[in-house]
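First the structure, in the form of structure tokens, and then the observations on it.
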There are 2 protein chains.
Amino acid sequence: MAERGSLPLHTQIAELLIRDVAAGRLIDGERLKPEREMAVEMGIAVGTLRKALHKLTAMGMLQRVQGSGNYIRASAKPNAVYSLFRLELVRGGGLPTARVLDIARLAKDPALPPFGTAPDAHRIRRLRYLSGIPAAVEEIWLDGSHAEVIAIEDVSESLYLHYRQRLGLWISRVEDRVGQGPLPDWAPREFPVAGGALLPLVHRLSFGQDGRSAEASLTWYDPATTRYVARFS
Amino acid sequence: MAERGSLPLHTQIAELLIRDVAAGRLIDGERLKPEREMAVEMGIAVGTLRKALHKLTAMGMLQRVQGSGNYIRASAKPNAVYSLFRLELVRGGGLPTARVLDIARLAKDPALPPFGTAPDAHRIRRLRYLSGIPAAVEEIWLDGSHAEVIAIEDVSESLYLHYRQRLGLWISRVEDRVGQGPLPDWAPREFPVAGGALLPLVHRLSFGQDGRSAEASLTWYDPATTRYVARFS
DNA sequence: AGGAATTTGTGCGTATGTATC
DNA sequence: AGATACATACGCACAAATTCC
């Protein structure tokens, strides 16, 4: 197998396994065959397979236990990345939904941190909710090189799911900054509910192996109802 | 070389290089010797060195360029952990220092998130500065099982350096929450400078390989001068 | 309880491809 | 075009953790 294309073999193997998880051919908790066996069946070296498995581990889709085996960890959550850096209610949790206000393809705003390679980008403006409570307004800039057009239906729910499933992008690096700043003038008038000061959050995502940054976003959230959670492990 | 058997060799090599960067023995932009040469000098295999170099790359401290070489990318980072989750000036950067207000060994506050195994903990209260500007007040709870006593001199500068060098603890997991809350009554009167509302940051650290949580801390920072930066890669 | 079998972790060495100089 | 240097891939040996008998 492994008809060599442009991508490295271990990357192809990793994506093959990811598709297997997404398609339900590998289910949560399932134990994979031993590495050596898998490698022989796939016609590749153990080290190559191990690289692929390590990538899945980093994505939180796999748990490797020495002396035991490799176990699929396909969380019930829409995706795992979401749980690394997310907004949640001050009282904890909250079901995230979003209303897309506007999508446009524009030249990049020079005020943004640098990202991507194309001169233009998709600008997505959303109002985000947690369990129905308005939590944040958000402006996302996705580099123009990854898609021709993005429709509102595409990104109404889980944006990152769309990235991964439709655009083939997976997150390799995230950088966030929480500071101070004014509310943007395009925010809906009903938000924030209590009329207090919002916290701005500059979010920067990099995709794929090369780690080139491909998205920059600005989020303003309401600290009266919402908090920002970051997790590293 | 590489006598201590506790940590994997490639991890030891990575930390060695990190210390070299932190100590200024390797400066920004410097080109390392070829992998083969380095490996021979260190008495290790090329593959082992490569693992270490990949780790530095993931941490953003190194750029690997095929056909050219390995280049140090040190943008004035005191240490690696600090750069993952840190406070910095709104205008960027800032040299972190701290003044210890109080250290005590107490029973754990039940209001804190659970951490560690001992019934009591060291409580460290600090006022933190960035380039001399008061940035945050902080209350740190370190599980009592890791040290008998902690002196003010120990933790006046880099707390995490003390953890790793004196207590043998290295950070394996971090979880942060930024929300809303009141200023603690023990904060110095001169802080915050502008008298505005502070942002509370609940910080939870786990140490070692087992990932048992060993520290919980509460930080209140001044968004007028300071922002919180989180990075994942 | 204990030992053998299983399975992943670590480290080493090598060959070939590919980008840079 | 040639030399240099990192990227990828392969395979082996032993260590460490787990599982099973």
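Here is the naming used below: chain letters follow the sequence lines, and residue numbers restart at 1 for every chain.
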Quick one: [X] [atom1] to [N] [atom2], roughly how many Å, whole number?
{"X": "Leu49(B)", "N": "dG13(C)", "atom1": "CG", "atom2": "P", "result": "13 Å"}
{"X": "Glu35(B)", "N": "dA7(D)", "atom1": "CD", "atom2": "P", "result": "6 Å"}
{"X": "Gln63(B)", "N": "dA7(D)", "atom1": "CD", "atom2": "C1'", "result": "15 Å"}
{"X": "Gln12(A)", "N": "dA9(D)", "atom1": "CD", "atom2": "C1'", "result": "13 Å"}
{"X": "Lys51(B)", "N": "dC6(D)", "atom1": "NZ", "atom2": "P", "result": "19 Å"}
{"X": "Leu53(B)", "N": "dA7(D)", "atom1": "CG", "atom2": "C1'", "result": "13 Å"}
{"X": "Gln66(A)", "N": "dT7(C)", "atom1": "CD", "atom2": "P", "result": "13 Å"}
{"X": "His54(B)", "N": "dT10(C)", "atom1": "NE2", "atom2": "C1'", "result": "16 Å"}

Q: Ignoring backbone atoms, establish whether Asn70(A) has a side-chain N or O less than 4.0 Å from OP1 or OP2 of dT7(C).
A: no
**Q.** dA7(D) phosphate, OP1 or OP2, under 4.0 Å from Arg64(B) side-chain N/O
**A.** yes
Nearest to the side chain of [X] - [options]?
{"X": "Thr48(B)", "options": "dC12(C), dT18(D), dC10(D)", "value": "dC12(C)"}
{"X": "Ser68(A)", "options": "dT18(D), dC6(D), dT8(D)", "value": "dT18(D)"}
{"X": "Arg31(B)", "options": "dA5(D), dT18(D), dC12(C)", "value": "dA5(D)"}
{"X": "Ile44(B)", "options": "dT19(D), dC12(C), dA19(C)", "value": "dC12(C)"}
{"X": "His10(A)", "options": "dT8(D), dA17(D), dA7(D)", "value": "dT8(D)"}

Q | Whether Tyr228(B) and Tyr228(A) hold their rings parallel, tilted or perpendicular, with breakpoints at 30° and 60° | A | perpendicular
Q) Does Pro34(B) or Ala45(A) map to a spot on DNA chain D nearer the 5' end, using the closest nucleotide for each? A) Pro34(B)
(Q) Return whichever of Tyr71(A) or Arg50(B) has its heavy-atom-nearest nucleotide of DNA chain D closer to the 5' end. (A) Arg50(B)
Q. Looking for any heavy atom pair under 4.0 Å, which part of the strands does Gly47(A) touch: base, sugar-phosphate only, or nothing?
A. nothing
Q. Under the criterion side chain to side chain contact (heavy atoms under 4.5 Å, CB included), which of Val100(A), Ile103(A), Ile140(A) is the partner of Ile150(A)?
A. Ile103(A)
Q: Apply the test side-chain contact (heavy atoms from CB on, under 4.5 Å) to residues Thr97(B) and Arg128(B): give CA-CA distance (whole Å), side-chain angles for both, the deciding distance (0.1 Å), then the verdict.
A: CA-CA 6 Å; Thr97(B) 55; Arg128(B) 293 176 53 183; over 6 Å; no
Q. Considering heavy-atom distances to DNA chain C, does Lys33(A) or Val65(B) have its closest nucleotide positioned more toward the 5' end?
A. Lys33(A)
Q) Which heavy atom in Trp141(A) sits nearest to a heavy atom in Lys108(A), and how many Å separate them? A) CZ3-CA, 4.1 Å
Q.
Tell me whether the count of non-hydrogen atoms from other residues, nucleotides or ligands lying under 6.0 Å of CZ in Arg91(B) goes above 12.
A. no
